[in-house]
Novice: 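Structure incoming, see below.
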Amino acid sequence: MNLYDTLPDAAATVFGAEATGSSAYDVLTVDVPVGSWIPSLEIARDKLGCTYFDWLSAVDEPGTGFRICAHVVSLENHRVRRLLLRTTVPHSAPSLPSAIAVYAGAEWHERETFEMFGVTFTDHPHLVPLLLPENFEGHPLRKDFVLAARVAKAWPGAKEPGETHDPDAPKRRQMLPPGVPDPNDWGPLKGQLPPAPTRPTRAPRRDGATPPPRRTRAAATDPTAPAEATAPGAPAEAPARPPRRSRSVTEGSASQATPPGPPPGGAEPPARPPRRTRSASDGSASQATPPEPPPGEADRRRTVPRSADAPWHHAKPAFEEPTAEPKAKPDTDTDTENGGDA
């Protein structure tokens, strides 16, 4: 049985009395004090078999300090066992011994952590910046690092939900993300911006004045419900709104309702003709057989001349050929008689 399998319950026995352990998502996490940082790394390498160094970084915990994390892995018997070793250094003195003597691959990781968080690793052979430009000031992964780009350019979304287009209208104070200071306190416009407008304060209520009681929903929807008593001197409430008339599906819509009867003594309006019903076999109104016209109406319609502005109604050929006249047939009887006489 590997000593790794006894963790996290045996964390205090393996790493010291002040060590605490937990396990989540197949990762074993052990927290040790700063004085036990290097001995704990040696125990992880020699006793737990964590010979593979994965990464080292830090997390800025406001009010607590910088939490240094080293992730190492054991690959014995073709089984992956993960160990996250952590310790915490204060913000006032962020310093920790270098782990290069235990894991040589931690050299570049410690340089990056020093550059991004400002944690100093003692006994490091070449603790210089790794990624940032040469003249860069500050440590960008600290929570108190000022994002200067957000001061020069407004945070996306200049208006909060519910704000109007009136610049002088009162509005709530905009939420600033972590690391973005108030432009009136830091940056090129420091002290030059006007203070944010505030909402006008409500006038204090006069002594002894009580607000009028609110009308309940029952009184607003049911006209028969008794109205609540109002305070003396309070304005009279508006009359209750009549209840909304309900109509079932069989009664149809309001436009199909039977009109009210005639007023007393007035002329009775003409009755509305009943709506003609048509079954599916009758077809639509456009498919109905048109009524036959009266006698003589069809002839009159045919003789009505077409309008001259629609010449296609009377199509004619472009060139009309003259009609050939029939030739006169010779009189054969006369020729026969003349020939016989000759």
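Numbering of residues begins at 1 and proceeds along the displayed sequence.
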Novice: Look at the side-chain heavy atoms of Ile, Leu, Val, Met, Phe, Trp and Tyr, link any pair under 4.5 Å apart, and say whether Phe145 and Leu141 land in one connected group.
Specialist: yes
Novice: Can you name the closest pair of heavy atoms from Glu115 and Pro129 and give their distance?
Specialist: OE2-CB, 3.3 Å
Novice: Applying side chain to side chain donor-acceptor pair (under 3.5 Å) as the test, list every pair that has at least one member in residues 130-141; sequence neighbours left out.
Specialist: none
Novice: Please identify each residue that fulfils salt bridge (Lys or Arg N to Asp or Glu O under 4.0 Å) with Arg81, with sequence neighbours left out.
Specialist: Asp5
Novice: Got a sec, which residues hit ring-ring contact (aromatic ring centres under 6.0 Å, His included) with Tyr103, two or more places apart in sequence or on another chain?
Specialist: Phe53
Novice: Considering only Ile, Leu, Val, Met, Phe, Trp and Tyr, and joining two whenever side-chain heavy atoms are under 4.5 Å apart, list the other residues clustered with Val128.
Specialist: none
Novice: Salt bridge (Lys or Arg N to Asp or Glu O under 4.0 Å) with Asp60: which residues, sequence neighbours excluded?
Specialist: none
Novice: Treat each ILVMFWY residue as a node, draw an edge where side-chain heavy atoms are under 4.5 Å apart, and state whether Val80 and Val27 are in one component.
Specialist: no
Novice: Between Glu112 and Leu130 (side chain of the first, backbone of the second, donor and acceptor by atom type, cut-off under 3.5 Å), is there such a pair?
Specialist: no
Novice: Quick one: side chain to side chain contact (heavy atoms under 4.5 Å, CB included) partners of Pro33, sequence neighbours excluded?
Specialist: Glu18, Ser36
Novice: Let me see the working for Leu132 and Met116 under side-chain contact (heavy atoms from CB on, under 4.5 Å), right down to the final yes or no.
Specialist: CA-CA 9 Å; Leu132 298 178; Met116 297 296 176; 4.2 Å; yes
Novice: Does any part of the side chain of Leu56, heavy atoms only, come nearer than 4.5 Å to the side chain of Phe121, both counted from C-beta?
Specialist: yes
Novice: Nearest heavy-atom pair of Gly138 and Pro140: which atoms, and what distance?
Specialist: O-CD, 3.9 Å
Novice: Less than 4.5 Å apart, any side-chain heavy atom of Arg45 and any of Val102?
Specialist: yes
Novice: Do Val59 and Leu85 sit in one hydrophobic cluster, given that two such residues count as connected whenever their side-chain heavy atoms are within less than 4.5 Å of each other, even indirectly?
Specialist: no
Novice: Which residues pass the ring-ring contact (aromatic ring centres under 6.0 Å, His included) test with Phe66, not counting sequence neighbours?
Specialist: His91
Novice: Write out all pairs satisfying ring-ring contact (aromatic ring centres under 6.0 Å, His included) with one or both partners inside residues 8-49, taking only residues at least two apart or from two chains.
Specialist: none
Novice: Distance check, rounded to the nearest 0.5 Å: Asp46 atom CG versus Leu41 atom CG?
Specialist: 10.5 Å
Novice: To the nearest 0.5 Å, what is the distance between CG on Leu83 and OG1 on Thr29?
Specialist: 8.0 Å
Novice: For the hydrophobic clusters of this structure (ILVMFWY residues joined by side-chain heavy atoms under 4.5 Å, transitively), does one cluster hold both Tyr52 and Val30?
Specialist: no
Novice: Report the residues that fulfil side chain to side chain contact (heavy atoms under 4.5 Å, CB included) with Ala11, sequence neighbours left out, ordered by chain and then residue number.
Specialist: Leu7
Novice: Looking at Gly49, is its backbone amide N or carbonyl O close enough to the side chain of Ser74 to form a donor-acceptor pair, meaning the two atoms are under 3.5 Å apart?
Specialist: yes
Novice: State which residues pass side-chain hydrogen bond (donor to acceptor under 3.5 Å, both in side chains) with Glu42; sequence neighbours excluded, sorted by chain then number.
Specialist: none
Novice: How long is the straight-line distance from CD1 of Ile68 back to OG1 of Thr87, given to the nearest 0.5 Å?
Specialist: 8.0 Å
Novice: Which residues satisfy the side chain to side chain contact (heavy atoms under 4.5 Å, CB included) test with His71, sequence neighbours excluded?
Specialist: Asp54, Trp55, Val73, Arg82, Leu84
Novice: Could you state the interatomic distance from CG (Leu28) to SG (Cys50), rounded to the nearest 0.5 Å?
Specialist: 8.5 Å
Novice: The criterion is side chain to side chain contact (heavy atoms under 4.5 Å, CB included); which residues satisfy it with Ile100, sequence neighbours excluded?
Specialist: Ser98, Glu107, Glu110, His124, Pro125
Novice: Atom CG of Leu48 and atom OH of Tyr4: how far apart are they, to the nearest 0.5 Å?
Specialist: 8.5 Å
